[in-house]
Amino acid sequence: MARRVLFRSIRSLTRVLQGSRAMSTDVVSISYQTLVSSPSSLETSIEEAFGSHPQALGLILVKDLPPVYPVYRERLLKLAYKFAHLDEDVRERYVDPGSIYSYGWSHGKEIMNGRPDTLKGSYYANPVVDVPDVNPAVKAAYPPIYGDNVWPDKNQSGIEGFEAAFKNLGGFVFDVGCQLAGACQPFGQILVSKYLTNVSLSVPELISTQTAKARLLHYFPPSENSPSTEDEPIDSWCGFHKDHSLLTGLCSAIFLREEAGLEPTIVPSPSPTSGLYIRTRGGDLTKVSIPPDCLAFQTGEALELVTAGKLRATPHCVRVGQTQVGAKISRETFALFMQPDTHQRISESDTFGSFSKKVLEEHYEEARVI
């Protein structure tokens, strides 16, 4: 599903947001140790983060993570930069048109804000299942969702260890996300929706290993001919959209400065206005910072549909921010989309599979002929 089934742009909001001033809103955080040992005690925090009150962001932070997390994060995000800097003919070996660019490398294929998105490149894979174990007919009907992973050659110069690094970070985020889904269950009694194919399913049981999809992102530096300014659109690096998932796990981004002949160096954000922006339930525009040692999770459209709007998807975008002329600073990050199986009914009119196809068609011309 590259961009695919995962994103839905909100073009009507983009015009409204230009010139808007971002508000400051506290982000709810919970401890990983508490999440594992006493998930039921987190009900108030989860309702505060994911509920429908005006200040709710639809996003929660998980802190105090095991020490392997920062190692996994930095290793893979640096590989995102290195992959994006491979020769174009090498990168093209790992493009998968048959999945509508939903597995492997994808650049300039997705339509965002009405035009091909060339501002970022993505590498897509399921970090927990290499080959989905589903009926062949179902697999053929949904290639963007049930495709096989496409991995770089293990001896590909410059990105050695790419597959293992992707699976390490993706598997870690998936496991934490499943713990969080379990903690949502008390608040999630509202999830016993009349639409579900099986109303006995718990929140964690809605999440399928077979449809999990991770996206490793490299945001290219702004063009030297058109450096970013403070009056740029809010969604200058990634258009306003909602994720297509039930839950999305997000890593804190790193910024890398390109230096000729040298390894890229991690630098601070190029501008205090660079980064992730969210619309609160009450409509305020908020800049959200994810600490490097934390994971964030936000709600997606599938969850909104399953709960008939009681838990709403989180509109968000990414802004470049003002950058120094000539500074080659890229942004690297990672997102994991936790989703149901395609047969799962999520609304009166749609299964997750049929809804996914509609979203994909909005962003890929190739999807309209499937």
Side-chain angles (χ1 to χ4, degrees), residues 1-8 76 93-106 109-110 122-154 162-178 181 196-198 201-217 243-249 300-303 305-306 334-346 350-361 363-364 366-367 369-370:
M1 325 169 185
R3 329 163 146 212
R4 52 186 149 244
V5 64
L6 304 177
F7 304 122
R8 199 176 199 185
L76 184 60
R93 295 177 198 166
Y94 307 113
V95 173
D96 184 13
S99 67
I100 316 299
Y101 309 101
S102 298
Y103 289 85
W105 174 249
S106 178
K109 305 299 183 183
E110 179 184 21
S122 303
Y123 205 101
Y124 296 102
N126 182 333
V128 291
V129 173
D130 271 322
V131 179
D133 182 17
V134 296
N135 183 289
V138 174
K139 187 171 184 176
Y142 298 100
I145 301 177
Y146 293 123
D148 297 346
N149 282 336
V150 177
W151 295 115
D153 295 338
K154 294 186 183 298
F162 184 94
E163 177 181 344
F166 198 109
K167 288 180 175 178
N168 284 341
L169 182 59
F172 181 91
V173 177
F174 186 84
D175 289 344
V176 177
C178 287
L196 293 180
T197 305
N198 179 356
L201 287 175
S202 66
V203 181
E205 288 170 337
L206 278 174
I207 296 169
S208 172
T209 58
Q210 307 301 309
T211 61
K213 185 66 65 67
R215 182 179 190 179
L216 179 63
L217 296 120
D243 290 345
H244 183 66
S245 52
L246 290 163
L247 286 173
T248 301
E301 284 191 286
L303 191 61
L305 289 171
V306 164
F334 181 83
L336 174 71
F337 306 95
M338 306 177 73
Q339 308 172 139
D341 279 308
T342 54
H343 70 271
Q344 178 62 62
R345 184 162 294 282
I346 59 174
D350 278 309
T351 62
F352 181 70
S354 62
F355 180 60
S356 298
K357 285 188 173 183
K358 292 176 184 177
V359 175
L360 192 65
E361 288 171 359
H363 298 285
Y364 292 90
E366 295 86 350
V369 299
I370 292 183

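Just so you know, residue 1 is the first one in the sequence shown, and it goes up from there. The figures that follow rest on heavy atoms only: side chains count, while hydrogens, waters and symmetry mates do not.
Separating the OG1 atom in T342 from the CD atom in Q210 is a distance of 10.5 Å, to the nearest 0.5 Å. Summarising the geometry, atom CG belonging to D243 is positioned 11.5 Å from atom CG belonging to L303; distances are rounded to the nearest 0.5 Å. Between the OH atom in Y123 and the CG atom in N149 there is a gap of 8.0 Å [rounded to 0.5 Å]. For the atom pair CG of L216 and CG of L76, the computed distance is 4.5 Å after rounding to the nearest 0.5 Å. Expressed to the nearest 0.5 Å, how far CD1 of I207 lies from CD of Q344 amounts to 12.0 Å. Annotation: the span from L247 atom CG to Q339 atom CD amounts to 10.5 Å, rounded to 0.5 Å.
Put simply, the side chain of K357 does not reach to within 4.5 Å of the side chain of I100, judged on heavy atoms. V150 places none of its side-chain heavy atoms less than 4.5 Å from the side chain of Y124. Counting heavy atoms from C-beta outward, D130 and W151 have side chains that approach closer than 4.5 Å. At least one side-chain heavy atom of D148 sits under 4.5 Å from a side-chain heavy atom of P132. Put simply, the side chain of D350 does not reach to within 4.5 Å of the side chain of L305, judged on heavy atoms. Counting heavy atoms from C-beta on, the side chains of T351 and R345 come closer than 4.5 Å.
Ring geometry for Y142 against Y146 counts as perpendicular: the plane angle is over 60°, on a 0 to 90° scale with 30° as the lower cut.
Between F352 and I145, the shortest heavy-atom contact is CE2-CD1, 4.4 Å. Residues L336 and A214 share a closest heavy-atom pair of CD1-CB, 3.8 Å. Across all their heavy atoms, S102 and K213 have their closest contact at O-NZ, 3.1 Å. Taking each heavy atom of V173 and G249 in turn, the nearest pair found is CG1-CA, 4.0 Å. Heavy atoms only, all atoms of each residue included: G170 and P127 are closest at CA-CB, 3.6 Å. Nearest approach of P340 to S208, heavy atoms of both residues: C-CB, 4.2 Å.
A side-chain donor-acceptor contact under 3.5 Å links Y94 to the backbone of D153. In this structure, N126 contributes its side chain and T209 its backbone to a donor-acceptor pair below 3.5 Å. Under a 3.5 Å cut-off, the side chain of Y101 and the backbone N or O of K109 do not form any donor-acceptor pair. Of the possible donor and acceptor atoms, none in the side chain of D341 sits under 3.5 Å from a partner among the backbone N and O of H343.
A ring-centre distance under 6.0 Å is found for F166 and F334.
Taking the centre and axis of the six-membered ring of F174, the NZ or CZ atom of K167 falls outside the cone set by 45° and 6.0 Å.
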